[in-house]
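Starting off with a structure, shown below.
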Amino acid sequence: MTILTATDKYIARLVAVPMLVVFVIAASLLMLDKMLRLFDFVATEGGPVSIVFKMLANLLPEYASLAIPLGLMLGILLAFRRLATSSELDVMRALGLSYNRLLRVPYMYAVGLALLNLLIVSYLQPLSRYYYEQLSFDLQSGALGASIKVGEFTTLKGRTALRVETSRDEGRNLQGIFARIASEKGQILSISAREGRFFASKENPDTVILRLNDGQIVQDGPELKSPRVLTFATHDLPIDLPKIEQFRRRGDKDREYFLPELLKIGWSKDSSVAARNQSLASLNFRLVEVAMMFLLPLLAVALAVPPKRSTSALGVFVSVVMVVAYHKVNEYGQDVSSLGRIDPGLALWGPFVLFAALIAWLYWRLAYVPGGQPLGGLETLFAKASSVVKRMMASRRLAPPASAARAGEAASGV
């Protein structure tokens, strides 16, 4: 007896293509939205463009944990909708294949992707989130070479102000340089140069050498009667680097803990009440999001089959709204339970039970009620609303413009 029949393989191919397409589209949209904000953030901090893609790569596990359930549900839904609208589903049902039997392949996908999502939310997502926060910290602290911003005055260590007009060759060639150095005795050096380059100092790793070309130095101070002006062809200006703080250790935020670590903190008597609440809220949120994936095949099949002689795609819209709304409810439950206002089990598993009961009812209506349509009433209401909108648009197209009507009345009066 074969595990997968020809029908199962056919359903597997129908599910795989839209599932992968939806996953790629959903992840790309989430990353594009974040990319615009990251470009603005990196440009403000004066960092290199390459850091944007490194930060996006660290956000990929977080976006994948959101896109995988959506891709699974829409992949199954679109596959069964195609079977229903092409009457292939009626043929399979006539051959004795029940909906429970047809769900074998979708649940194979669901189990595999649920295990993958569990791995992501357990280990990959916390670790990548920590690396993302580290890159953000390094960017703001100047550890990535982003402490000098083009077109702005930058204050450095040792009462030094530096301004660079333009930067070329990824920051190695600087144009239009102006520096102002103030000593403790009140002496001020104003240096301007046509161009310059940074070089590392072998003697002192905390100091870099800014080699300036074609410029002049204006020296002024209380001991000088008049400023001194010196012209140079090449001048080395030592600049002390600011001390860069070390980034914190992983685990200062509950999103950076692995699942075993969250369980250990949540049940530890040595942890504070706030830490236990946050850990248990994050633990239950991740688990309930993975458990929800086992309900998606039932929801997808229940909403995939439209009424007879209908090609309505209302089920696709309703399924997306239900999954997104349920995810937002879980996020709210996590936030409330992390504050200690409600038990995490009730805040997160309570909506799960209600969501599961609703999905079970929808599937029961389709699979066990003769002629049952889970969205029959909503389909009727949607059809009536669509017909009203179509009539309004048709009447608006047929009605003559007001200017033409007035011109016709004037002509008839004449």
Does atom OH (Tyr131) have a neighbourhood of more than 12 heavy atoms from anything else shown, all under 6.0 Å? no

Atom pair OG (Ser65) and CG (Leu116), whose distance is rounded to the nearest 0.5 Å: 10.5 Å

If you define the side chain from C-beta out and look only at heavy atoms, does anything of Val91 sit under 4.5 Å from Leu95? yes

For Ser192 and Phe232 the tightest heavy-atom approach is O-CZ, 4.0 Å

Set of salt bridge (Lys or Arg N to Asp or Glu O under 4.0 Å) partners for Arg194, sequence neighbours left out: Asp214

Measure the shortest side-chain to side-chain distance between Ser319 and Leu74 over non-hydrogen atoms and say whether it is less than 4.5 angstrom. yes

Passing option when Leu303 is tested against Val316, Val320, Val318 for side-chain contact (heavy atoms from CB on, under 4.5 Å): Val318

Quick one: closest heavy-atom pair of Leu83 and Tyr10, and the distance? CD2-CE2, 3.7 Å

Audit row: Glu331, Lys328, salt bridge (charged side-chain N to carboxylate O under 4.0 Å, His left out) steps and yes/no: CA-CA 5 Å; Glu331 287 184 338; Lys328 293 300 180 182; 3.6 Å; yes

Set out, in order, the CA-CA distance, both residues' side-chain angles and the distance that settles side chain to side chain contact (heavy atoms under 4.5 Å, CB included) for Met35 and Val52, then state yes or no. CA-CA 7 Å; Met35 183 186 296; Val52 175; 4.3 Å; yes

Is any side-chain heavy atom of Val288 less than 4.5 Å from a side-chain heavy atom of Tyr326? yes

Between CG on residue Leu298 and CH2 on residue Trp364, distance to nearest 0.5 Å: 15.0 Å

Looking only at heavy atoms, the pair that brings Leu262 and Ser279 closest together is O-CB, 3.6 Å

For the residue pair Leu259 and Leu287, establish whether any side-chain heavy-atom pair is separated by less than 4.5 Å. yes

Would a distance-only check, ignoring hydrogens and angles, find a side-chain to backbone donor-acceptor pair under 3.5 Å from Ser87 to Asp90? no

Tell me, yes or no, whether the heavy-atom count around Phe39 atom CZ, taken from other residues, nucleotides or ligands under 6.0 Å, exceeds 12. yes

Here the pair of heavy atoms bringing Leu77 nearest to Ala304 is O-CB, 3.4 Å

Spacing of CE belonging to Met293 relative to CG belonging to Leu70, to within rounding of 0.5 Å: 10.5 Å

Is it the case that the side chain of Tyr109 and the backbone of Ala12 share a donor-acceptor pair, with hydrogens and angles ignored and the cut-off at 3.5 Å? yes

Working note: Phe80 + Leu14, criterion side chain to side chain contact (heavy atoms under 4.5 Å, CB included); need CA distance, chi angles, decisive distance, verdict. CA-CA 8 Å; Phe80 274 81; Leu14 290 181; over 6 Å; no

Show the numbers, then the answer: is there a side chain to side chain contact (heavy atoms under 4.5 Å, CB included) between Gln278 and Ser337? CA-CA 7 Å; Gln278 293 177 359; Ser337 58; over 6 Å; no

Is the CZ atom of Arg93 crowded by more than 12 outside heavy atoms at less than 6.0 Å? yes

Please step through side-chain hydrogen bond (donor to acceptor under 3.5 Å, both in side chains) for the pair Asp8 and Thr5, ending with a clear verdict. CA-CA 5 Å; Asp8 293 329; Thr5 63; 3.3 Å; yes

Between Tyr132 and Glu62, is any side-chain donor less than 3.5 angstrom from a side-chain acceptor? no

Any side-chain to backbone donor/acceptor pair from Asn117 onto Leu113? Under 3.5 Å, distance only. no

Do Tyr130 and Arg255 come within less than 4.5 Å of each other through their side chains, counting heavy atoms only? no

Tyr123 and Pro61, any side-chain heavy atoms less than 4.5 Å apart: no

Which atom pair, heavy atoms only, marks the closest approach of Ile120 to Ala64? CD1-CB, 4.3 Å

Quick check for you: to the nearest 0.5 Å, what is the distance between Arg163 atom CZ and Ile177 atom CD1? 11.5 Å

Ser128 side chain vs Asn58 backbone, donor-acceptor pair below 3.5 Å: yes

Run Met73 and Val22 through side chain to side chain contact (heavy atoms under 4.5 Å, CB included) and show every step you take. CA-CA 9 Å; Met73 183 194 66; Val22 172; over 6 Å; no

What one should report as the nearest heavy-atom pair of Gln175 and Val164 is O-CG1, 3.8 Å

Just so I know, are the side chains of Leu263 and Trp267 near enough to count as touching, which here means a heavy-atom distance under 4.5 Å? yes

Donor-acceptor contacts under 3.5 Å from residues 339-362 side chains, at least two apart:
unit_1: Asp343; atom_1: OD2; unit_2: Gly345; atom_2: N; d: 2.9
unit_1: Asp343; atom_1: OD2; unit_2: Leu346; atom_2: N; d: 3.4
unit_1: Trp349; atom_1: NE1; unit_2: Asn284; atom_2: OD1; d: 2.9

Any non-hydrogen side-chain atom of Val323 less than 4.5 Å from a side-chain atom of Leu296? yes

Measure from the side-chain N and O atoms of Tyr107 to the backbone N and O of Phe294, and report whether any donor-acceptor pair falls under 3.5 Å. yes

The reported gap from OG1 in Thr7 to CZ in Arg101 (rounded to nearest 0.5 angstrom) is 7.5 Å

To the nearest 0.5 angstrom, please state how far the CG atom of Leu212 sits from the CG atom of Leu174. 9.0 Å

Suppose the criterion is salt bridge (Lys or Arg N to Asp or Glu O under 4.0 Å): which pairs have a residue in residues 268-291, not counting sequence neighbours? none

